[in-house]
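Everything below concerns the one structure shown next.
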Amino acid sequence: MSEEKSLNFIEEIIENDLNAGKYKTLITRFPPEPNGYLHIGHAKAICLNFGLTKKYGGYTNLRFDDTNPVTEKTEYVDSQQEDIKWLGFQWENELYTSDYFDTLYDYAVKLITDGLAYVDNGTAEEIAVLKGTPTELGKDSPYRNRSPKENLELFALMKSGSLEDGSCILRAKIDMLSTNMLMRDPIIYRIKHASHHRTGDKWCIYPMYDFAHGQSDSIETITHSICTLEYVSHRELYDWFIEKLGIFPSKQYEFARLNLSYTVMSKRKLLQLVNDGVVIGWDDPRMPTISGLRRRGYTPESIREFCERIGIAKRENIIELSLLEFCVREHLNKIATRVMAVLDPIKLVITNYPEGVEEILIGENNPEAEDKGGTREIPFSNELWIEREDFMEEPAKKWFRLAPGAVVRLKHAYIVKCEGFEIGSNGHVTQINCSYIPESKSGEDTSGINVKGTIHWVSSKHAKTAEIRTYDRLFTVESPDAEEGDFKDYLNPNSMEVITKAYIEPYLLNADQDGRYQFIRKGYYTLDKTSSAGNLIFNRTVSLKDAWAKTNK
RNA sequence: UGCCCGAUAGUAUAAAGGUAGUACAACGGUUUUUGGUACCGUUUGUCUAGGUUCGAAUCCUGGUCGGGCAACCA
């Protein structure tokens with residue numbers, strides 16, 4: 001019975017390394033730049049890195065890659081930490097690339113001393129021209145052969161603060177003829193007179209990504225440095241610095257980043273949606289950010305399950321949104337409390353049920369739970385709200401719900417028969433009249449009647465109200481990035497629909513922020529973070545599957 | 001006109017030279033006091049042309065297609 005799950009390519013590498021005794025302890029890291037909010041794509045990387053050390057032992061560091069002071073903020077550091085914790089992961093060490101600025105500076109000095117780096121006084125444009133193009137080789141800079149002594153003095157001058165931004169840079173001396181553009185004497189330090197969110201004004205020169213990332217990995221003795229595919233060509237440089245510096249040989253491995261259909265994933269584009277007011281913030285429930293998904297009602301478990309299912313490979317991919325929805329439904333089905341809410345109400349009067357009489361019915365909270373999630377009390381009376389879409393004047397084929405003469409069960413209550421309906425001045429149905437069958441009460445039904453349909457309801461006298469926000473995909477096309485023109489041309493104008501006054505059963509007055517609810521036959525809902533006792537606001541996490549809507553299409 | 005990645009059902013992801021499997025989606029059915037859940041079933045696949053081999057998704061060669069590479073971003 002080998003029901004073993006197959007390994008992804010990174011797990012294979014790790015198992016081989018571990019079996020070969022190459023490393024004693026597996027150490028990975030998650031290295032976000034604190035310049036924005038984390039999204040579901042980061043969740044994939046988080047689950048990968050933390051998941052690996054969970055599986056094989058060892059640990060994972062959280063390292064903020066903060067080498068560019070102008071884009072980074074403490075606000076982002078905080079939100080990123082919150083999101084990782086919420087996902088259910090705990091890092092071993094909280095670290096910052098800026099912690100290594102002194103060491104990195106020393107590394108640069110060593111390179112200069114060894115004749116492997118030089119200060120270039122060319123302008124950005126001059127340097128770019130000499131760099132060549134992917135199909136044209138580069139040419140040496142006129143400053144390339146300065147002596148180590150001169151370079152050392154110049155680099156110290158850069159650090160001293162007396163030089164202006166852009167006046168010169170430090171470059172590694174590698175090979176202007178390399179077919180890999182990154183090896184054509186890459187810039188490793190630039191002057192930036194900017195205040196850093198952690199080091200303040202201590203520095204006015206900052207290392208570039210390539211001169212910081214591998215070394216930081218090395219300092220932390222990261223054994224497997226996992227990143228996304230766009231860094232493949234950086235690996236040669238990554239290895240070069242480690243070799244020339246003679247430091248711990250961390251190894252870089254690349255996997256394909258996550259793309260989700262009907263959304264965008266780049267921080268730049270997400271930021272644009274926020275700035276342009278398309279969404280109400282980074283945590284708008286329509287956003288693919290961790291905070292957006294959290295506000296929407298997604299659970300950490302469902303996101304982890306999703307990341308598990310999408311797999312790790314090197315092929316570009318677009319995951320269908322339906323898989324994410326499947327994962328959250330699967331979890332919510334197990335944990336959500338079932339309740340009744342009527343979103344688009346129409347009145348139903350039970351003509352043979354005494355007016356003024358109230359009855360307390362008992363409903364189980366979750367048929368999927370072992371203990372059925374306990375029970376709750378649901379008030380019943382002769383006047384109810386039901387869903388407008390549950391009544392058809394002229395029933396369609398295979399219609400199991402209310403229609404003239406039709407019989408349905410009111411969930412947790414009685415079987416009723418539609419005896420008639422009333423039409424208002426606007427031509428719309430305003431009221432449905434039914435008779436009920438007293439001996440058909442839920443749990444003690446002796447009527448012997450079988451009905452095909454069961455509908456939800458709320459007693460109008462006891463109903464409370466709430467605002468309900470229904471969300472849909474943010475874009476109308478699968479891959480907004482791939483379409484012609486601006487990605488915002490493909491925004492879904494109906495991505496959010498607000499129902500200001502829906503009727504909910506009184507039990508929901510006790511709803512709490514962490515609660516997950518299934519509005520029976522409608523979907524899964526959770527309280528919005530702006531909800532208050534006097535003004536309840538529910539977000540729809542995801543709808544229930546709707547076989548009827550499908551057959552009816 | 002270069003270099004580097006990659007290519008398996010609609011979408012993902014397995015099969016380490018030996019039966020192409022799994023999940024989601026789609027479709028059909030059973031059960032059901034949620035047209036939900038659960039359960040059962042069906043459809044659909046190795047980019048292409050050669051080569052090696054008893055045997056190729058897998059190894060080799062050419063081609064095609066997709067992605068990346070010319071920020072003082074990460």
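Labels below follow one simple rule: chain letters A, B, ... track the order of the sequence lines, proteins then strands, and each chain is numbered from 1.
Side-chain N/O atoms of Ser98(A) and Asp66(A) include a donor and acceptor closer than 3.5 Å.
Residues that satisfy the side-chain hydrogen bond (donor to acceptor under 3.5 Å, both in side chains) test with Thr28(A), not counting sequence neighbours, are Thr60(A). With sequence neighbours left out, His412(A) forms a ring pair (Phe, Tyr, Trp, His ring centres under 6.0 Å) with no residue at all. For the ring pair (Phe, Tyr, Trp, His ring centres under 6.0 Å) test, no residue two or more places apart in sequence or in another chain qualifies with His456(A). Contacts of Glu75(A) classified as salt bridge (Lys or Arg N to Asp or Glu O under 4.0 Å), with partners at least two apart in sequence or in another chain: Lys73(A). Applying the salt bridge (Lys or Arg N to Asp or Glu O under 4.0 Å) rule to Asp445(A) yields the partners Arg409(A); only residues at least two apart in sequence or on another chain are considered. With sequence neighbours excluded, the residues forming a side-chain hydrogen bond (donor to acceptor under 3.5 Å, both in side chains) with Gln81(A) are Glu94(A), listed by chain and number.
Among the heavy atoms of the strands lying under 4.0 Å from Gly122(A) is at least one base atom, whether or not backbone atoms are also near. When heavy atoms are screened at a 4.0 angstrom cut-off, Ala313(A) is found touching the sugar-phosphate backbone but no base atom. Across all strands shown, His412(A) has heavy atoms under 4.0 Å from base atoms, whether or not it also approaches the sugar-phosphate. Using a 4.0 Å heavy-atom cutoff across all strands shown, Pro32(A) reaches no nucleic acid atom at all. Residue contacts for Leu544(A): at a heavy-atom cut-off of 4.0 Å it reaches a base atom on one of the strands shown. Contacts of Leu410(A) with the nucleic acid, taken as non-hydrogen atoms under 4.0 Å apart, are absent. Residue-level contact check: Gly453(A) touches neither bases nor backbone, having no heavy atom under 4.0 Å from any strand. Ile455(A) comes within 4.0 angstrom of no nucleic acid atom, judged by non-hydrogen atoms across all strands. The residue Arg329(A) sits apart from the nucleic acid: no heavy atom pair falls under 4.0 Å.
Distances shown here put a side-chain N or O of Arg190(A) below 4.0 Å from the OP1 or OP2 atom of A74(B). Regarding contacts with the backbone of A26(B), a side-chain N or O of Lys550(A) is found under 4.0 angstrom from either OP1 or OP2. Taking only side-chain nitrogens and oxygens, Arg401(A) never comes nearer than 4.0 Å to OP1 or OP2 of G35(B). Proximity of Lys314(A) to the phosphate of A7(B): no side-chain N or O atom is located under 4.0 Å from OP1 or OP2.
If you find the closest nucleotide of RNA chain B to Glu330(A) and to Ala256(A), the one lying nearer the 5' end belongs to Ala256(A). Between Ile319(A) and Asp546(A), the residue anchored nearer the 5' end of RNA chain B, judged by the nucleotide with its closest heavy atom, is Ile319(A).
Between Tyr517(A) and Ala336(A), the shortest heavy-atom distance links the atoms C-CB, 3.9 Å. In terms of heavy atoms, Ser141(A) sits closest to Asp120(A) at OG-OD2, 2.8 Å.
Side-chain N/O atoms of Arg521(A) and base N/O atoms of U34(B) include no donor-acceptor pair closer than 3.5 Å. Residue-to-nucleotide contacts include a donor-acceptor pair under 3.5 Å from the side chain of Glu368(A) to the base of G36(B). Between the side chain of Gln518(A) and the base of U34(B), at least one donor-acceptor pair of N or O atoms lies under 3.5 Å.
A salt bridge does not link Arg521(A) to Glu387(A): none of the charged nitrogens lies less than 4.0 Å from a carboxylate oxygen. The residues Arg63(A) and Asp99(A) are annotated as not salt-bridged, no charged nitrogen and carboxylate oxygen being separated by less than 4.0 angstrom. The pair Lys441(A)-Glu359(A) meets the salt-bridge criterion, with a side-chain N (NZ, NE, NH1 or NH2) lying under 4.0 Å from an Asp/Glu carboxylate O.
Remark: RNA chain B takes part in the stems B:2-7 with B:64-69, B:10-13 with B:21-24, B:26-30 with B:38-42, B:47-51 with B:59-63, each of 3 or more antiparallel Watson-Crick or G-U pairs, criterion distances under 3.5 Å.
Comparing the same atom, P, in G62(B) and in G6(B) gives a spacing of 16 Å after rounding to whole Å. Comparing the C1' positions of C69(B) and C54(B) gives a spacing of 45 Å, expressed to the nearest Å. Here, A20(B) and C65(B) have their P atoms 31 Å apart, quoted to the whole Å. Across the C1' atoms, U43(B) and U11(B) are found 16 Å apart, a figure rounded to whole Å.
Aromatic ring orientation, Phe155(A) versus Tyr105(A): parallel (interplanar angle below 30°, classes split at 30° and 60°).
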Under-3.5 Å N/O pairs linking protein and nucleotides 17-24 of chain B:
{"from": "A23(B)", "atom 1": "O2'", "to": "Arg309(A)", "atom 2": "NH1", "distance (Å)": "2.4"}

What N/O pairs connect the protein and nucleotides 64-71 of chain B at under 3.5 Å? Give each pair on its own line.
{"from": "G67(B)", "atom 1": "O2'", "to": "Glu316(A)", "atom 2": "OE2", "distance (Å)": "2.9"}

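Ranking C72(B), A74(B), G36(B) by closeness to the His234(A) side chain, first place goes to A74(B). Which of G2(B), C73(B), C4(B) sits closest to the side chain of Lys192(A) comes down to C73(B).
For the segment residues 61-75 of chain A, the set of residues with a heavy atom within less than 4.0 Å of an atom of RNA chain B comprises Asp65(A), Thr67(A), Asn68(A), in numerical order.
Sorted by first then second residue, the ring-ring contact (aromatic ring centres under 6.0 Å, His included) pairs that include residues 435-454 of chain A, not counting sequence neighbours, are Tyr353(A)-Tyr436(A), Tyr414(A)-Tyr436(A).
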Just distance, no hydrogens or angles: give the donor-acceptor pairs under 3.5 Å from side chains in residues 131-139 of chain A, sequence neighbours left out.
{"from": "Thr133(A)", "atom 1": "OG1", "to": "Thr135(A)", "atom 2": "N", "distance (Å)": "3.2"}
{"from": "Thr133(A)", "atom 1": "OG1", "to": "Thr135(A)", "atom 2": "OG1", "distance (Å)": "3.4"}
{"from": "Thr133(A)", "atom 1": "OG1", "to": "Glu136(A)", "atom 2": "N", "distance (Å)": "3.0"}

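Between atom CG of residue Asn49(A) and atom NE2 of residue His42(A) there is a gap of 12.0 Å, rounded to the nearest 0.5 Å.
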